[in-house]
Amino acid sequence: MARAGLTAERVTVAGADLADEVGLDRVTMSEVARRLGVKDASLYTHVRNVEDLRGRIALVAADEKTVRIAEATAGLAGKEALVAYANAWREFAHEHPGRYMATQVPIKIDPELAAKATGPRRAVELTYSMLRAYGLGEPDLTDAVRVLRSTFHGFVALEAAGGFAHARTPQQTWTRTLDALHVLLENWPEGEPA
């Protein structure tokens, strides 16, 4: 029998918490049901299947990550905004590895849920707004977004996998990376590449 008060939101949060503990790819309907103290069948009233659950986790994670970045960057511009943005991204990845991964891998998301979700749209708006302060317009904005995402994700993925086994701390490298990104953004090459 389903526990009173079980909702799609509760199922999603339980799935997101599980993803943070064991990894997004190891989230199953059975394990989420166990955590909620219900039979597997009770979950299907609220989410269609594990793919639907992972899509919902991705939307919740995008919203949580975006709120964190928005709070960190409020009122800032230029290098201060870049550093605050990057640090909020990295902290979210450290604290919520499963949720974070849900924001980085392709996941099929119910179009109706995606249309109602504000997190992904707000993330794009925040990122483009920060980069416009560097005087970038299209197509450079899109390229700069890709550079930032590749750098931030690559760094946190390598860091999580223990890929920085060196006497120099990851924090020292992170700080220098942000310095270098700021210089790049201030000196973005003009025009399309040949």
Side-chain angles (χ1 to χ4, degrees), residues 1-76 81 84-130 142 145-146 148-150 152-161:
M1 174 166 280
R3 177 186 284 177
L6 194 62
T7 64
E9 183 180 347
R10 282 192 62 213
V11 172
T12 302
V13 170
D17 290 344
L18 178 61
D20 285 342
E21 293 172 27
V22 302
L24 182 66
D25 60 334
R26 295 182 63 198
V27 171
T28 64
M29 297 295 277
S30 294
E31 186 56 35
V32 172
R34 266 192 291 283
R35 286 175 170 254
L36 292 169
V38 299
K39 294 187 183 296
D40 293 15
S42 299
L43 299 183
Y44 293 98
T45 303
H46 306 286
V47 296
R48 286 190 308 276
N49 51 37
V50 74
E51 184 178 82
D52 181 38
L53 176 60
R54 289 179 182 165
R56 290 169 185 269
I57 292 169
L59 293 176
V60 164
D63 191 52
E64 291 172 350
K65 184 173 138 205
T66 301
V67 166
R68 182 177 291 207
I69 290 170
E71 289 172 354
T73 59
L76 302 178
Y85 183 106
N87 287 336
W89 176 303
R90 184 176 175 217
E91 288 163 8
F92 185 83
H94 286 179
E95 293 169 20
H96 300 289
R99 283 171 163 88
Y100 172 74
M101 191 52 63
T103 68
Q104 298 303 307
V105 296
I107 295 177
K108 186 176 179 180
I109 299 174
D110 179 308
E112 200 173 301
L113 289 175
K116 295 177 189 172
T118 59
R121 280 191 308 277
R122 191 164 179 224
V124 170
E125 291 165 4
L126 280 168
T127 307
Y128 276 63
S129 176
M130 178 191 63
T142 297
V145 167
R146 290 175 178 170
L148 292 183
R149 182 176 181 203
S150 299
F152 299 163
H153 179 65
F155 194 97
V156 300
L158 287 167
E159 189 174 30

Problem - Distance (rounded to the nearest 0.5 Å) between L6 CG and L36 CG - result: 6.0 Å
Problem - Nearest-0.5 Å distance, CZ of residue R34 to CG of residue L18 - result: 9.5 Å
Problem - Validation row: E95, R68 side chains within 4.5 angstrom (heavy atoms) - result: yes
Practice task
Locate the shortest heavy-atom distance separating R10 from T7; write the atom from each residue and the value.
Solution key: N-OG1, 3.0 Å
Practice task
State, to 0.1 Å, how close A84 and L76 come at their nearest heavy-atom pair, and which atoms those are.
Solution key: CB-CD1, 3.7 Å
Problem - Neighbour count above 12 (heavy atom, 6.0 Å) for E21 CD - result: yes
Handout entry: Euclidean distance, R56 CZ relative to E9 CD, rounded to 0.5 Å
Key = 10.5 Å
Handout entry: I107 and L24, any side-chain heavy atoms less than 4.5 Å apart
Key = yes
Handout entry: Close side-chain approach of T103 to R99, heavy-atom, < 4.5 Å
Key = no
Problem - Pairwise side-chain contact, T73 with M130, heavy-atom cut-off 4.5 Å (strictly under) - result: no
Fill in the blank from the handout: Smallest heavy-atom separation, I109 atom then A58 atom, equals CD1-CB, 4.2 Å
Fill in the blank from the handout: Minimal heavy-atom distance between A61 and F92, with the atoms involved, is O-CZ, 3.8 Å
Handout entry: Inter-residue atom distance T66.OG1 - E71.CD, 0.5 Å rounding
Key = 11.0 Å
Practice task
Scan V13, D40, V27, V38 and name whichever one has a side chain to side chain contact (heavy atoms under 4.5 Å, CB included) with V32.
Solution key: V27
Practice task
Indicate yes or no: at least one non-hydrogen side-chain atom of E159 is less than 4.5 angstrom from one of H94.
Solution key: yes
Problem - Spatial distance of atom CG (L53) from atom OH (Y44) [nearest 0.5 Å] - result: 9.5 Å
Handout entry: Under 3.5 Å: donor-acceptor pair, side chain of R54, backbone of D25
Key = yes
Problem - Student check: side-chain heavy atoms of T127 and Y85 closer than 4.5 Å - result: yes
Exercise for the section: Any pair with a residue in residues 105-124 that passes side chain to side chain donor-acceptor pair (under 3.5 Å), sequence neighbours left out, goes on the list, sorted by first then second residue, please. Expected result: R48-D110
Exercise for the section: Could you pull out all residues at least two apart from Q104 that satisfy side-chain contact (heavy atoms from CB on, under 4.5 Å)? Expected result: K65, W89, Y100, M101, R149, H153
